[in-house]
Participant: 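Questions regarding the structure given below will be posed in turn.
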Number of protein chains: 2
Amino acid sequence: MNKPATIKDIARILKISTSTVSRALRDASDVSAETKNAVKSLSEELNYQPNKFALSLQQKQTHTIGVIVPNLDYVLSTMVKGIDEVALEAGYTVMVCQSNESFGREIVNTKRLSESLVDGFIVSVSSETKVFDHLKKIQAKKMPMVVFDRVTPFLEAPTVHLDNKDGGFQATEHLIEQGYKRIAILAGPKNLEISNHRLEGYLTALKKHKVKIDPDLIINCDFNQEYAYIATQELLSMKKRPDAIFTISDRMAIGAMLAIKEKGLSMPEDIGLVGFNNEPMFSLLQPSISSVDQPSFEIGKVAAKLFIEMMHNNEDMSSVVEILKPKLIIRESSQRLKKNKLTK
Amino acid sequence: MNKPATIKDIARILKISTSTVSRALRDASDVSAETKNAVKSLSEELNYQPNKFALSLQQKQTHTIGVIVPNLDYVLSTMVKGIDEVALEAGYTVMVCQSNESFGREIVNTKRLSESLVDGFIVSVSSETKVFDHLKKIQAKKMPMVVFDRVTPFLEAPTVHLDNKDGGFQATEHLIEQGYKRIAILAGPKNLEISNHRLEGYLTALKKHKVKIDPDLIINCDFNQEYAYIATQELLSMKKRPDAIFTISDRMAIGAMLAIKEKGLSMPEDIGLVGFNNEPMFSLLQPSISSVDQPSFEIGKVAAKLFIEMMHNNEDMSSVVEILKPKLIIRESSQRLKKNKLTK
DNA sequence: AACGCAACCGGTAACGCTACCGGTAATCCC
DNA sequence: GGGATTACCGGTAGCGTTACCGGTTGCGTT
């Protein structure tokens, strides 16, 4: 009961060789059914578990995926769940490391995991990351790597992410259709792709509907709630204040909502508001807030599938890009035109 | 550049033995400074990284901690950050697996990780888990295991958790002091310790202040927001409705808040509300909601420290219990008596 | 001159497993 | 009946690393 049983123990007890035991356990062809049964039942009895390290040492494979994420908020932890699901099924184990939005931490994590602990990586970069040498080093080692969610053009790797342009477009067009005329956007940090793409979608929608683009209504600020709160206060104290706000994250929408309420304005009458991510809490606020929902779980699954594909047939897949569609969930905060059915 | 360098390569190039290389790299005493330098500079150049598997195979140690959590919500992901921090510093890598509140998933995860992938576990059990054989099996293997947050009396292991009784007490006493007379509690599932302890604290506070205990005001429901919403609706339609509600999680507080607003009641005047966990969003709602803050990061750190201590001097520590104190954060939702300074 | 003792270093085995080669016995076929 | 084929099994080496034992120098001591 103390030392874990090995293949040797089984061989010794059954008076056969370790080779035979090994083959029997793996259902190889050239072992008699009789010995197979003997081996299997004994291994069951001894609670035999193969030593992964011995295997990895030999086969240079760990069957483990390193997942690096900037944090574990609602969206990312859901994506990780998706990764988990697929990986588990394919016989992989997942190691999750959060970089905590810190560039330094991201480097340490990748380095550690790449020290022969994992077969490859599924990465979402931190907001601080502007240099990608640590990830390129991994690619140089021929380790498979998939980038998801927070992607970057500076890395040649297969990629999974939301159609952020479409998300921005849907939200903005919806606001236009609801009769809002001066639509502001709280965009995120300028160096993040997701931020810029959502902004692009916003611009496209305005152009399509021939709404004049006012640079004063485009605010780049941090993802932080506080910043959004302050930015909204400033927006609302403009001479020609906006009559709708689109924030590219839900946390920012909360900040905006607070500022709107403090100003004594009502949603959706005075101001329309649409967020991004559709955190579950959003349906419960008052007013409930419209938000662009992304298939986070699915994105995680696709990333993992891509990774496993990359693992198996190791051809170059760096040009593969999987883009998933968002879906606008319309709630009270932006529903100015009365309709029969309100999405709760 | 293709194959990773091994000590053999270094030995071959330097024309010395692998043993010497090994010792040089570990700064052993009986290697001349000269060869040490030669070895170190060459290993640098070749980008040598020791193969963890060869090490683990020999020393039966993985320097990896398996962390099993039911989910990665705000509280738990903060705790995991704490674990990360301490583990990294002590030279350990962390593998996080979320059981997704599923008993079956928890079993699969523990089994996988225990297959010689990790040295031991830091666990928070799922809400479904009522049988603990899978964890006892791990203990039988003499693997160190620390239980945190969601603890259970059915497991003899060192334990780290919040003083949940005190949390319940603080919240309830605060409501009493604010002049609320009929204080309801939305407690969680009956089989969870954290739920029962917070309820106990509630009862203790009532007794201390000689407030009559009304069983109708004690509701056991799921952690779910929806349930809290419904439960609150029922509470508010009682003949003698409560004038304050204490929910043992923040998600539940949101549900309660929604029901209160729908009923046209105001906080804190008509109804006082206190939540639990102090999720960051809470300070931004309107009214801002009072909540019991727990030192999640610290709890994670303590759990990891305990684990490492257990690793090093492997004596029996199953009786160790670390209890950390919560701190009530008072905000608008329960602040009926006007004071000069409001905590924002 | 003979011995002892550091200071260094090399060789070997072992960790648990599988790939590979080879061997034995039984069976089959002409 | 002899060679070929099949079905099964064993031995050995090797994955990368370190522990252990032993050996070789060179120097100081008696």
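It should be emphasised that the depicted structure is a prediction, and the values quoted were computed from it without experimental measurement. Each chain gets a letter, A, B and so on, in the order its sequence line appears, and its residues count up from 1.
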Participant: Just one of A:Thr159, A:Val69, A:Val125 clears the side-chain contact (heavy atoms from CB on, under 4.5 Å) bar with A:Phe148, so which one?
Facilitator: A:Val69
Participant: Report the C-alpha distance between B:Ile138 and B:Thr110 in whole Å, list the side-chain angles of each, state the deciding distance to 0.1 Å, and finish with yes or no for side-chain contact (heavy atoms from CB on, under 4.5 Å).
Facilitator: CA-CA 8 Å; B:Ile138 286 171; B:Thr110 49; 3.9 Å; yes
Participant: I'd like to know if the side chain of B:Asn71 pairs up with that of B:Glu101 as donor and acceptor (distance under 3.5 Å, no hydrogens or angles considered).
Facilitator: yes
Participant: What do the steps show when you test A:Cys97 against B:Val94 for side-chain contact (heavy atoms from CB on, under 4.5 Å), and what is the final call?
Facilitator: CA-CA 7 Å; A:Cys97 287; B:Val94 175; over 6 Å; no
Participant: Relative to each other, are the rings of B:Tyr92 and B:His312 parallel, tilted or perpendicular (30° and 60° limits)?
Facilitator: tilted
Participant: Using every non-hydrogen atom in the two residues, find where A:Met143 and A:Val118 come nearest and quote the distance to one decimal.
Facilitator: CE-O, 3.5 Å
Participant: Name the orientation class of the two ring planes belonging to B:Phe103 and B:His134 (parallel below 30°, tilted from 30 to 60°, perpendicular beyond 60°).
Facilitator: perpendicular
Participant: How close do A:Leu25 and A:Tyr48 get, counting heavy atoms only, and between which atoms?
Facilitator: CD1-CE2, 3.6 Å
Participant: Report for the helix from C:dA1-D:dT30 to C:dC30-D:dG1: angle between first-end and last-end helix axes, five pairs each, rounded to 10 degrees.
Facilitator: 60°
Participant: Could I get a table of every N or O pair under 3.5 Å where one atom is in the protein and the other is in nucleotides 15-19 of chain D?
Facilitator:
residue: D:dC15; atom: OP2; partner: B:Lys8; partner atom: NZ; Å: 3.1
residue: D:dC15; atom: O3'; partner: A:Lys60; partner atom: NZ; Å: 2.9
residue: D:dG16; atom: OP1; partner: A:Lys60; partner atom: NZ; Å: 2.6
residue: D:dG16; atom: N2; partner: B:Ala54; partner atom: O; Å: 3.4
residue: D:dT17; atom: OP1; partner: B:Tyr48; partner atom: OH; Å: 2.6
residue: D:dT17; atom: OP1; partner: B:Asn51; partner atom: N; Å: 3.2
residue: D:dT17; atom: OP2; partner: B:Ile7; partner atom: N; Å: 2.7
residue: D:dT17; atom: O2; partner: B:Gln58; partner atom: NE2; Å: 3.0
residue: D:dT18; atom: OP2; partner: B:Ser22; partner atom: OG; Å: 2.6
residue: D:dT18; atom: O5'; partner: B:Ser22; partner atom: OG; Å: 3.4
residue: D:dT18; atom: O4'; partner: B:Gln58; partner atom: OE1; Å: 2.8
residue: D:dT18; atom: O2; partner: B:Gln58; partner atom: NE2; Å: 3.0
residue: D:dA19; atom: OP2; partner: B:Arg26; partner atom: NH1; Å: 2.9

Participant: Going 5' to 3' along DNA chain C, which are the first and last nucleotides with any atom under 4.0 Å from a heavy atom of chain B?
Facilitator: C:dC8 to C:dG16
Participant: How is A:Thr35 classified with respect to the nucleic acid when contacts are heavy atoms under 4.0 Å: base, sugar-phosphate, or nothing?
Facilitator: sugar-phosphate
Participant: Could you walk me through whether B:Asp9 and B:Arg12 satisfy the salt bridge (Lys or Arg N to Asp or Glu O under 4.0 Å) test, starting with their C-alpha distance in whole Å, then the side-chain angles of each, then the deciding distance to 0.1 Å, before giving a yes or no?
Facilitator: CA-CA 5 Å; B:Asp9 300 323; B:Arg12 186 166 32 75; 2.7 Å; yes
Participant: Any side-chain donor-acceptor pair under 3.5 Å between B:Ser99 and B:Ser102?
Facilitator: no
